[in-house]
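These notes concern the structure reproduced below.
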Amino acid sequence: MTTSSTQELVEQAVREQSQRALASGARLLAVFTAVFAVMSMVLAATGLAPNQLPPSLFAGGGCVVATGVWWAARRRRLYGRVTFVAAMVLALFPTVFFALVQWLTPTGAAPFMLGPPVLVYFVLILFSGFFLVPAHSVAAGIVAGLGYLLIYLWVQPSFSALTLPDAVWRQEFTNPAVFVARAGVMAFFGVGVATLARFARGLVLRVLDEQQEAHEVRSLFGSYVSDVVAAKILRERGALKGERKHVAVLFCDLRGFTTMSEGLDPEQLVARLNAYLDAMVRCITARGGVVDKFIGDAVMGVFGGVSELADPCGAALLAARDMRKALQAFAGTLDNGIGLHWGDVVQGAIGSELRREFTVIGDAVNVAARLEGLTRQHGCGILVSAAFAERLAEPMRQQLRSLGPVQVKGRSAPVEILVGDEPSAMDVRERS
């Protein structure tokens, strides 16, 4: 996957999270404004509070706008420039309300310029943070502050006609600095919300990045890596880079597969092969190994390297013996040979820009494959190299039987090989 396509996927995921946040916030805002509208109408109807028609209309209009935002967000319609337009509409909504009240009512908007409706500016600036675009919140704060100042300049001449209860209220309404300061606070509040939006966006991007890395690990290793190993790889991201390691390599190939395939239809053949490979994989991962790759009906496992093990060779030998025992479930219709070698490899994510796989390459891999090929010739199930045997604990090393040095293709010097099959009771008695 290219960098540009990955970035597009990330941006799309951020938009998705933003739409969800907007839908939740708009739903809460719609409920709040609906309740406020009903309360205003009840107060007006009972005579407990006069002149409640403008606030109720204001709250009702806010409920309509919030419901529209909720509808658009639920249907994933708010993205790109539409989000900026929506943020500006929300920031200007109180200004439009004040303008309509000033134009249509006898008392004008002056009674509401310092009342609760002004707080709606701050609520809507805060709501702009749900877009997860910091610039939108900054713009919303500025637009709200400018809109409030413009309404003040329009309404200011009518302040003198208000009947004010005391000198404090008179000072509030006649001092331009109060309104300028409140507009400045709106702009500053927008900057604060933008900081929160940037932080929230960063959290979303971090979560998406971790999810992407987890997906890449699964893509590199396939489904055949234990959760413990996958978590370790995600913690130690350097493991995905090219590096040289000493590992135990297990190479297992199926015997008699061609003969078996002749008597089965394709569906049965695939099902049986998958069942066999699944059993082999379980044996490898249960001992802490990582399945490197499948080559037809052959499977290659690595012990150590990505997942550090206290005794990688011991774990590899136990896994090989488990794999031999697992064949019993197939009622003797399948057989395999396993080669084990300890050596130097280069591990890393190898492949093209479009597809990479985590793998190990090197002489150790070739030797393990050659040893597997010799199992049929020597009539055994498991063959290990002397280099592998030297790193086994003494009790396990005593269970091996040497076959002497053999010439391995690709190697100039002979390789000493040992039988690694689990000794029978008769073998134990003979050695004791």
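- The two residues Ala248 and Trp342 make their nearest non-hydrogen contact at N-CE3, 3.6 Å.
- A donor-acceptor pair under 3.5 Å is formed between the side chain of Tyr121 and the backbone N or O of Thr95.
- For the residue pair Ala320 and Ile338, the shortest heavy atom distance occurs at O-CD1, 3.5 Å.
- Of the inter-residue distances, the one linking Ile125 atom CD1 with Met186 atom CE reads 6.5 Å to the nearest 0.5 angstrom.
- Between Phe122 and Phe189, the ring planes are perpendicular. Angles over 60° get that label, and only those under 30° would be called parallel.
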(request) Check the pair Gln268 / Asp265 against side-chain contact (heavy atoms from CB on, under 4.5 Å), numbers first and verdict last. (result) CA-CA 5 Å; Gln268 292 175 321; Asp265 58 43; 3.1 Å; yes

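- Considering every non-hydrogen atom in both Leu309 and Gly304, the closest pair reads CD1-N, 3.9 Å.
- No side-chain donor-acceptor contact under 3.5 Å links Asp292 to the backbone of Val302.
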(request) Start with the C-alpha gap between Asn336 and Arg324, add the side-chain angles, then the distance that decides, and say whether side-chain hydrogen bond (donor to acceptor under 3.5 Å, both in side chains) holds. (result) CA-CA 8 Å; Asn336 62 17; Arg324 293 289 295 169; 3.0 Å; yes

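- Taking the charged nitrogens against the carboxylate oxygens, Arg411 and Asp363 do have a contact shorter than 4.0 Å, which makes a salt bridge.
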(request) List the steps, then state whether side-chain contact (heavy atoms from CB on, under 4.5 Å) holds for Leu277 with Phe294. (result) CA-CA 9 Å; Leu277 291 175; Phe294 294 106; 4.0 Å; yes

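- Judged purely by atom type and a 3.5 angstrom limit, Asp311 has no side-chain atom pairing as donor or acceptor with the backbone of Ala393.
- The pair Lys245-Glu308 counts as a salt bridge, with a side-chain nitrogen and a carboxylate oxygen less than 4.0 angstrom apart.
- Side-chain contact, Tyr276 with Asp297: no donor N or O sits under 3.5 Å from an acceptor N or O.
- Evaluation of the ring pair (Phe, Tyr, Trp, His ring centres under 6.0 Å) rule for Phe84 yields His136 as partners, not counting sequence neighbours.
- Between the CG atom of Asp253 and the CG atom of Asp335 there is a distance of 11.0 Å, given to the nearest 0.5 Å.
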(request) Begin with the C-alpha distance, continue with both residues' side-chain angles, and end with the deciding distance and a verdict on side-chain contact (heavy atoms from CB on, under 4.5 Å) for Leu92 and Val143. (result) CA-CA 7 Å; Leu92 284 171; Val143 167; 3.4 Å; yes

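- Under the 4.5 Å side-chain criterion, counting only non-hydrogen atoms from C-beta, Ile361 is not in contact with Val365.
- Shortest non-hydrogen contact noted between Val138 and Ala194 is CG2-CB, 3.5 Å.
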(request) Using the side-chain contact (heavy atoms from CB on, under 4.5 Å) rule, take Ile284 and Met323 through it: C-alpha gap first, then chi angles, then the decisive distance, then the call. (result) CA-CA 8 Å; Ile284 293 173; Met323 294 163 75; 3.9 Å; yes

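- Side-chain contact between Lys293 and Thr359 is present, with at least one heavy-atom pair separated by less than 4.5 Å.
- Atom CD in Gln102 sits 7.5 Å away from atom CD1 in Ile151 (nearest 0.5 Å).
- For the pair Ala30 and Cys63, the tightest heavy-atom approach, listed with the atom from each and the gap, is O-SG, 3.5 Å.
- Looking only at side-chain heavy atoms (C-beta outward), Phe98 and Val118 come within less than 4.5 Å of each other.
- A distance of 11.0 Å separates OH of Tyr148 from CG of Leu153, quoted to the nearest 0.5 Å.
- Using modelled atom types, no side-chain atom of Arg272 and backbone atom of Glu267 make a donor-acceptor pair closer than 3.5 Å.
- Put simply, CZ on Arg397 and CD on Glu390 are 8.0 Å apart, with the number rounded to the nearest 0.5 Å.
- No donor-acceptor pair under 3.5 Å is formed between the side chain of Thr375 and the backbone N or O of Leu371.
- Within the 3.5 Å criterion, the main-chain N or O of Cys283 finds no donor-acceptor partner in the side chain of Arg287.
- Listed here is the closest heavy atom pair of Phe388 and Leu317: CZ-N, 4.0 Å.
- Under the 3.5 Å distance criterion, the side-chain polar atoms of Arg201 are matched with a main-chain donor or acceptor of Leu132.
- Note that the CD1 atom of Ile382 and the CG atom of Asp421 stand 5.0 Å from one another [nearest 0.5 Å].
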